[in-house]
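Pasting in a structure now, in structure tokens, and then I'll have a few things to ask.
None of the values given here were measured: they were computed from a predicted structure. The sequence lines fix the lettering, A, B, ..., with proteins before strands; numbering per chain opens at 1.
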Amino acid sequence: MIHSDTEKLIFEQGRAGRTGIDVEGVCLIELDDALSPELRRGPLAGFPEVSEPEMVRHYTRLSQRNVGIDDTFYPLGSCTMKYNPRINEAVASMKGFTNLHPAMPQTETQNAFRILWELEQMLNEICGMDAFTLNPVAGAHGELTGLKIIRAAIRARGEKRDKVLIPTSAHGTNPASAMLAGFTPVNIEVNPDGSVNLEALEKALDENVAAMMITNPSTLGLFETNIKKIADMLHAKGAFLYCDGANLNALVGIARPGDMGFDVIQTNTHKTFSTPHGGGGPGAGPVGVKKELVPFLPSPRIEKFDKEKFGKVLFVPVYDKQSIGRIHSYYGNFLVLLRAYCYLRTMGARGLREVAEAAVLNANYLRVSLAEIGYRVPFNRMCMHECLLTDENMPSGITTLDIAKRLIGKGYHPMTIYFPLTVHGAMLIEPTETETKETLDEFIQAMKEIAEEAKANPNLLHDAPHNTPVQRVDDVGANRPLNLNLRWKQQ
Amino acid sequence: MIHSDTEKLIFEQGRAGRTGIDVEGVCLIELDDALSPELRRGPLAGFPEVSEPEMVRHYTRLSQRNVGIDDTFYPLGSCTMKYNPRINEAVASMKGFTNLHPAMPQTETQNAFRILWELEQMLNEICGMDAFTLNPVAGAHGELTGLKIIRAAIRARGEKRDKVLIPTSAHGTNPASAMLAGFTPVNIEVNPDGSVNLEALEKALDENVAAMMITNPSTLGLFETNIKKIADMLHAKGAFLYCDGANLNALVGIARPGDMGFDVIQTNTHKTFSTPHGGGGPGAGPVGVKKELVPFLPSPRIEKFDKEKFGKVLFVPVYDKQSIGRIHSYYGNFLVLLRAYCYLRTMGARGLREVAEAAVLNANYLRVSLAEIGYRVPFNRMCMHECLLTDENMPSGITTLDIAKRLIGKGYHPMTIYFPLTVHGAMLIEPTETETKETLDEFIQAMKEIAEEAKANPNLLHDAPHNTPVQRVDDVGANRPLNLNLRWKQQ
Amino acid sequence: MRYIPVTSADREEMLKKIGIHFIDQLFDMPTDMLTHLSKPLNLPAPLPEMEVMALMEKFAKEGEIAASKTSFLGGGINRHYLPATISALISRGEFLTAYTPYQPEASQGTLQALYEFQTYIALLSGMDVANASLYDGATATAEAVLMAKRINKKGKTVYVSCALHPHYREVLRTYLQDVDIPIVELAFDAKTGKTILAPTMMNDALALVVGYPNYFGIIEDLKEAREVATKVGALLISVTTEALSLAILKPPGEFGVDIFVGEGQSFGLPPSFGGPLLGLIATKDAYVRNLPGRLIGRGKDKNGKDAFVIVIATREQHIKREKATSNICTNEALCATIAGMYLTAYGKTGLANLAKQNAVKAFRLREKLAKIPGVSIPFSGATFNEFVIRTKKSGAQLLRNLLAGRQIFGGINLSVHYHKNPKDILVSVTEMNTDEDMDKFVHALREILK
Amino acid sequence: MRYIPVTSADREEMLKKIGIHFIDQLFDMPTDMLTHLSKPLNLPAPLPEMEVMALMEKFAKEGEIAASKTSFLGGGINRHYLPATISALISRGEFLTAYTPYQPEASQGTLQALYEFQTYIALLSGMDVANASLYDGATATAEAVLMAKRINKKGKTVYVSCALHPHYREVLRTYLQDVDIPIVELAFDAKTGKTILAPTMMNDALALVVGYPNYFGIIEDLKEAREVATKVGALLISVTTEALSLAILKPPGEFGVDIFVGEGQSFGLPPSFGGPLLGLIATKDAYVRNLPGRLIGRGKDKNGKDAFVIVIATREQHIKREKATSNICTNEALCATIAGMYLTAYGKTGLANLAKQNAVKAFRLREKLAKIPGVSIPFSGATFNEFVIRTKKSGAQLLRNLLAGRQIFGGINLSVHYHKNPKDILVSVTEMNTDEDMDKFVHALREILK
Ligand SMILES: Cc1ncc(COP(=O)(O)O)c(C=O)c1O
Ligand SMILES: Cc1ncc(COP(=O)(O)O)c(C=O)c1O
């Protein structure tokens, strides 16, 4: 509903003397004994003093200034904004999971280990890999982990390769992760359709190459047709092939990266496996590897010890000597992994296949329909789970940004814009499998209206959105050094 | 956020073949054995076929077309729209309560009975009564129960009184309940300030009067100063004094209806005791009585049997021979009562007193402030938990309805309007204790703007609200017999 | 206090504005009534949230243990699975913390949800129109009889099946006690478990009330009931305590029932120790103005856009006062919204399949139990998901045995309300009962009766 | 499938529009890769929701039992009460199902919540500016060292307190393994439990990393650390694993710490078997462009109205790629939002009181335990809500005894990471521990050590 159009910062609300959740004070003399005054700080200056009703209203109103998948179509490319099942949320809030402390003796938390172990087996099967670590907590974290594993394997071989090849169309996390892992990222030119340019690869490929990172389907939403050839080329040189599995939704139940020659893959549970995106996280980025790389997986890993030997099945976290070591405080984002587990138990093999089929069907339906109404679809072939448009056919002055902002005004969350960087004015649209044809048709209609408005009334687009809590935000201004305001400060 | 401006009926959504929550089909031959085809219906014609994402989006969007206390000030008079604590919701969703079946043997549900019993004791203390039944599920249900109790008591005396006196300012449920209980309601004129006209009462009071129902504080938000005198007058004639306790929020911890001479009271948990209003229910309407009336309370009641006699404390539902009988399928709205119980355990005596103090403080602050900016406050005395305005000072043509609708446009839920019926153009404003002074000040400011708009731009009010999912609704039109549309029908 | 934002500074400023000095001056009432200073309330000391939570978790333990046992309890409170979507959606503050949608522009969400609920109930019951909820099935039955009285001015006595839920009959008795509508209870047939309809005895009938299915789980013959009611000039009221049965049985409307009432708890409400529940009522178009309670209509806003709004409020107490069709005001709106969500979540095929599964499971268990020596099925009438078994032991004893050693709630002891049938137990089977549950029950019963 | 709305009719219509006949034609890839037909995945059969729920409830039982035991476990995962408001608010779909707020006009809720979070962390840590979250305390520590390297081009080696959380040191080792930043661990003083700072040995220092409090619960001397760091030209990084301590201890910023990092799990996240957690990082204004991760700024919309928006994204991978300050993209935004809610729910006095209560409770238990024959407090340094006890038994044995007979999780066995201290146990006391819990612990320990 309609609210006064700004919601004050919580620091500008409340009044001295108001209290939220009640905590009894302590005896000051005892406190001085417990913790000497010279170690203690003064009052929490700047902290708000609000009652519980104020707190609830504040966050309710903030939420109302947001959109999510729950309330609208959110075709953010490369992000797989699929429906987040509520049973997974219910399970992830069960006290028997949330209250597990990682320092409890292993005998007390066998079921938690079992769930992790079973999830690993399922991911192995889905991706065609030999083992998974569940510890990385995001896709990029998984990339780093995967590259560290490759580095360890190369080190174990006694080699010293320090280049990682990355197509220019790759997601920014790829080169950033390569740097973080101590590699030198080398850009590999792509063909206009985003596929790896084999000649460029040929040229760059030498004994110093540790690995190549490939997103498949690519960030342009197209399958990398030459993937096996690329794998062979790399393997022939003793390099590894890394799969950025952010786009796995196009493949689940249909094809397996492991079968294509990939040696390492990171998956994004918050994309493929329906865990919520939470306004930017938490996620999870399990990493799968082929046999050769298993010893280097991060610690701890969960192993299953069999009945025969131990009288009963036992799940135990183990620490391998060759492991790259720990990459997270504990076992990764357990509650996120728990949701992914529920999802896979719900879907089964057939359900996953339906996911990929419907995701790709929806994307191609949009591709053809949007091309029909005049948007430029640069590649005239089947796309995978997402389709790419550009603003090239738009009247001059109308940009991808205008289209995105106008979509907001029409009640949608826009697609991903200006990514991949290799395509000028890119609009990457990923509908996912959980949207109805009716929704797609309405969206096509909205895009059609926008195309018409672009001609008839371009300012409507430049000014968009109009009916949001705030209108077009001036991010250039916000970034000017003198304007930079990263926190509230007490006056 | 902003959405396409209508949300289709669920019956207009979906498509044949979509499924929601999955249930396996059955073997038809076995089904025929289990239930003969001639007893069975055909398919559920008209039922929607939607997937889970569609269902979630539909109800999310519907919710976004509503306002509640959580998102805005909701000063609906006579309704005590106070903050609904979330801990109470958490408790009311504990499986150990929600999964209790009322047919479980009593030994298995002792804690549920204990909670009900303890709640009864607390209500006795708060209201100054001797016993309570928790079985009524709403205020009006409580009224009916209270009147039935009075009837039973009168019957037990061997008398046959059939009149119930009701001030004209009473809530509509009072005369309706009196009718339902088999009484003849008799209107008693009130003074302009809503207080009972003692002469009118004197005149109406005879041996045929079973009871008088009084709302105290009255529906005009004023304390019935003569209450003890009225009680004496009634008692002298052998009649009972019934308290409509809907306005108890003004009194908790400050004064007790039982001490004022009331023989029966119904309370509204969804008002005074913070249980949520749920878009119109469920509530609970516990009824308290003085000793003389205890035997007539509805069945079952929860009794505590003591350790001494039974080895351990035992709570048992009992059925009194003189009881008016059952008024609800089981024990009333248990989960609502549970919330009220948590609230009382949270507040304690001092907290309740603060409730009344703050509720009355807020109401008087609004009364004085709104009078200052030109609204007519018909009674120049302290009000209780709510204050009453009228539209008399408004420019001609501007009505209470216009003001209410304009408030909606300004992001508020309006006050109660045109109630009580005895005051022309009434606006009954109940801020409750859980609102901040800042909110009240903003509301006063909004009312001030409205008063100015009423002069400068009356159409702004007539047309209001402007920014809601639907604008001024034509309820006259909707009620025309030919338009009457009470359900969706398949075309 | 965390729920009350008034600080002492606020208080000072506000008192000043009001023109007084002390809080007590606010209370414009005889001072002898201001008992808070002399006699502060004697209540348990306030607890911080953490302690309330701990206390309530402790209290809830008992119920968790009880609820973890194998259960065949039904009898008007039905055990069904609650889809996880519902609690996520219904807890949204915009639904939870709103009140009666008197202001349609600010309440389209509640209004549309209730309009959809009315539609669902009309579709399920086969009636023309349903209201937006009553308190529960029992009070809905009483309201239906009062409604029948408004319609059928000639009729006098209400004839109520003795096989109707005993609590419903008790509530009906309470409601009718002082309003001059005599109740006559109709016996049931000891062989079939169906109500005995004897039109010759019923010529002063105002209305005829039968369960569908009745308390024994038996599917009453509404065709016959309709014929008899018509013959004696009575309105026919059917009462459904297990709303899921509507998804599989011929709808009451198909038989020409005049008023359908029921308990909607099966649609998304947990057993909740018996409340909140959800009273259903539906009727023919002709009787719509006699309906008690709230009705939501689909109309237009000033721009001609579809809008939902409360209609024919001229039946309601806040307009018609003593002439209203009922005194109901606060009803079970949130429960009705939940029911709408539940029915949407299951949808056309899901709900039908669920009902079928219930019927088949109950049938299987009934067959298995019937084979146990010492167990018989006393009534031959068809059933949905509840049925009566008769054993050689007293019902009370048998249930104690099942619970004590085997952690099974075997059903409801019918002898509490039907003294002549001391060995009868009402067994309910839903989708919540696994095959193992049923085998356990069969096994236990076989042992106990050995 | 209930999550996939595509019906066969939908499929036909869409295939037609696309201009193909079969679903498989969609998959524009070498057919030998389409393994779904030849080798369908071997996964457990799909379960209906009701069965998933039943399965997970069964799995959760074990954890419920464990969690119902008396616990003194801490060590970086802290047990605190979660206000009931939080789960109600954070589960709102608008927060839960949104993603990175790249489109500010559609994301003001997430953006403002994160801006408030940044402010809270800045206020608590006493630093100028905080980011919008990192993965966890351990990776935040590693990111801080990498950040220090960007700032302090001259320094070479990072000196890390051996009393820093062992897992954090392990993660740091993993992160730094291939990036040419040697790690030297600094020993701790066996008497005080504080890190031994020997500036003479540290002249190649890039940064100095100490816990505050450290893993033994000891409050390190940040004043001294600052002096030493300044002397050797190193940046000072302080690491707080129990964020609640910030509400009572002098803030790191007051000591001139350059980079504050920490674990924010205490602010509204349950232990969750160790994740999701909440990495905190804050620094001085001068270093803001070296921060890893997301930053939300307060700017204006085109009408000059306040608006929140992601700023200095030029540090981030999606703009700067290999030159980014970090590879982080998806972070812990929802956890940061929760932390904001938690800090708001407690507020200025509530949070301070909570921290005080923790300190006092821990102090009381420490005093009581110290009196038990056979128990000593090995470190003299001041503590907040965690402390080490040393007994005459091996830590492992003692913890086993406490758990087996008495259902107590007595703490963390330090010998796993500190082999030289095989009899040390790390005990954590929070508001969740009642006086009875503590008495039970004291009593049990007395008995075991008898
Ligand atoms: C193609 C691709 N790779 C990697 C990532 C990084 O994943 P995360 O955000 O989970 O770190 C993303 C995220 O959007 C992505 O789209
Ligand atoms: C004064 C008064 N009395 C009685 C009632 C009826 O209570 P309920 O709606 O709970 O039936 C109300 C409800 O608004 C009321 O305001």
*Between D:G297, D:G299, D:P276, which shows the greatest number of heavy-atom pairs under 4.5 Å with chain A?*
D:P276

*Let me know if A:M94 has heavy atoms under 4.5 Å from chain D in its side chain, its backbone, both or neither.*
side chain

*If you count heavy-atom pairs under 4.5 Å between each of A:T60, A:L352, A:V50 and chain D, which one has the most?*
A:T60

*Pick from A:D70, A:N111, A:V26: which one has the most heavy-atom pairs with chain D under 4.5 Å?*
A:N111

*When A:I87, A:V368, A:L144, A:T434 are compared by non-hydrogen pairs under 4.5 Å with chain D, the top option*: A:I87

*Heavy-atom distances under 4.5 Å only: say whether A:L335 touches chain D with side chain, backbone, both or neither.*
both

_Contact origin within D:I23 toward chain A - heavy atom pairs under 4.5 Å_ = side chain

*In terms of heavy-atom proximity below 4.5 Å to chain A, should D:I65 be classed as side chain, backbone, both, or neither?*
neither

_Selection from D:L277, D:T100, D:L249 maximising heavy-atom pairs under 4.5 Å formed with chain A_ = D:L249

*At a heavy-atom separation under 4.5 Å, does D:Y3 approach chain A through its side chain, its backbone, both, or neither?*
both

_Distance-only donor-acceptor check, side chains A:Y59 and D:T344, under 3.5 Å_ = yes

*Side chains of A:N84 and D:T97, donor plus acceptor under 3.5 Å*: no

*Please examine the side chains of A:P276 and D:L334, heavy atoms only from C-beta on, and report whether any two atoms are closer than 4.5 Å.*
no

*Salt bridge or not for D:D10 and A:K437, using N-O below 4.0 Å?*
no

_Pick from A:H413, A:K405, A:R367, A:E435 with the largest number of heavy-atom pairs that fall under 4.5 Å of chain D_ = A:K405

*Below 4.5 Å from any heavy atom of chain D, which atoms of A:V23 appear? Answer side chain, backbone, both or neither.*
both

*Have A:N485 and D:Y115 got a donor and an acceptor in their side chains that come within less than 3.5 Å?*
yes

*Side chain from CB out, backbone as N, CA, C, O: work out which of these in D:I319 comes under 4.5 Å of a heavy atom of chain A, or both, or neither.*
neither

*asked:* Given heavy-atom pairs under 4.5 angstrom as the criterion, report whether the side chain, backbone, both or neither of D:S71 touches chain A.
replied: neither

*Residue selection (most heavy-atom pairs with chain A, distance under 4.5 Å) from D:V179, D:V6, D:I18, D:I412*: D:I18

*Could you tell me which portion of A:H101 (side chain, backbone, both or neither) has an atom closer than 4.5 angstrom to a non-hydrogen atom of chain D?*
both

_D:E94 side chain near A:R65 side chain, heavy-atom distance below 4.5 Å_ = no

*Please examine the side chains of A:V355 and D:M1, heavy atoms only from C-beta on, and report whether any two atoms are closer than 4.5 Å.*
no

*Which one, D:Q177, D:Q118, D:Q25, D:R79, leads in non-hydrogen pairs under 4.5 Å with chain A?*
D:Q177

*asked:* Using 0.5 Å steps for rounding, measure from the CG atom of A:L180 to the CG atom of D:N327.
replied: 5.0 Å

*chain D heavy atoms under 4.5 Å from A:L484: which part of the residue, side chain, backbone, both or neither?*
side chain

*Do other residues, nucleotides or ligands put more than 12 heavy atoms under 6.0 Å from D:D180 CG?*
no

*Side chain, backbone, both or neither: which part of A:F97 has a non-hydrogen atom closer than 4.5 Å to chain D?*
both

*Greatest number of heavy atom pairs closer than 4.5 Å to chain A - which of D:I312, D:T349, D:V309*: D:I312

*Out of D:L399, D:T337, D:N303, which one racks up the most heavy-atom pairs below 4.5 Å with chain A?*
D:N303

*Side chain, backbone, both or neither: which part of A:P48 has a heavy atom under 4.5 Å from chain D?*
both

*Which one of A:M384, A:M81, A:K95, A:E52 has the most heavy-atom pairs closer than 4.5 Å to chain D?*
A:M81

*asked:* Can you tell me which portion of D:I296 sits under 4.5 Å from chain A's heavy atoms? Options are side chain, backbone, both or neither.
replied: backbone

*Is it the backbone or the side chain of A:N268 that comes under 4.5 Å from a heavy atom of chain D, or both, or neither?*
neither

*Kindly compute the distance separating CG (A:L62) from OG1 (D:T110), expressed to the nearest 0.5 Å.*
9.0 Å

_Atom NZ of D:K302 with >12 non-hydrogen neighbours under 6.0 angstrom_ = yes

*Under 4.5 Å from any heavy atom of chain A - which part of D:K61*: neither

*Identify which part of A:Q110 has an atom lying under 4.5 Å from any heavy atom of chain D, answering side chain, backbone, both or neither.*
both

_Given heavy-atom pairs under 4.5 angstrom as the criterion, report whether the side chain, backbone, both or neither of D:T139 touches chain A._
side chain

*Can you say whether D:R298 sits under 4.5 Å from chain A via the side chain, the backbone, both, or neither, judging by heavy atoms?*
both

*asked:* Working to the nearest 0.5 angstrom, can you tell me the gap between A:I254 CD1 and D:M29 CE?
replied: 7.5 Å

*Do A:H141 and D:Y135 make the cut of ring centroids closer than 6.0 angstrom?*
yes

*Where on A:V360 is there a heavy atom nearer than 4.5 Å to chain D: the side chain, the backbone, both, or neither?*
both

*Checking D:L34 against chain A: side chain, backbone, both or neither under 4.5 Å from a heavy atom?*
both

*Of the listed residues (A:G68, A:P102, A:P465), which shares the most heavy-atom pairs with chain D below a 4.5 Å separation?*
A:P102

*Assess whether atom NZ of D:K305 is packed by more than 12 heavy atoms of other residues, nucleotides or ligands within 6.0 Å.*
yes

*Would you say A:L9 and D:E116 make side-chain contact, with heavy atoms under 4.5 Å?*
yes

*Is there side-chain contact between A:M104 and D:F273, with heavy atoms separated by less than 4.5 Å?*
no

*Do A:K228 and D:M33 come close enough that some side-chain heavy atom pair is under 4.5 Å?*
yes

_Rounded distance [0.5 Å steps], CD1 in A:I126 versus CG in D:L43_ = 5.0 Å

*asked:* Within the structure provided, determine whether D:Q317 and A:S177 are in side-chain contact (heavy-atom separation under 4.5 Å).
replied: no

*Heavy-atom distances under 4.5 Å only: say whether A:K82 touches chain D with side chain, backbone, both or neither.*
neither

*chain A heavy atoms under 4.5 Å from D:A66: which part of the residue, side chain, backbone, both or neither?*
both

*asked:* Can you tell me which portion of D:P44 sits under 4.5 Å from chain A's heavy atoms? Options are side chain, backbone, both or neither.
replied: both

_Region of A:R472 that comes under 4.5 Å of a non-hydrogen atom in chain D_ = both

*Please state whether the side chain, the backbone, both or neither of A:D22 comes within less than 4.5 Å of a heavy atom of chain D.*
neither

*With a 4.5 angstrom heavy-atom cut-off, which part of D:R400 approaches chain A: side chain, backbone, both or neither?*
neither

_Contacting moiety of A:L76, where chain D heavy atoms sit under 4.5 Å_ = side chain

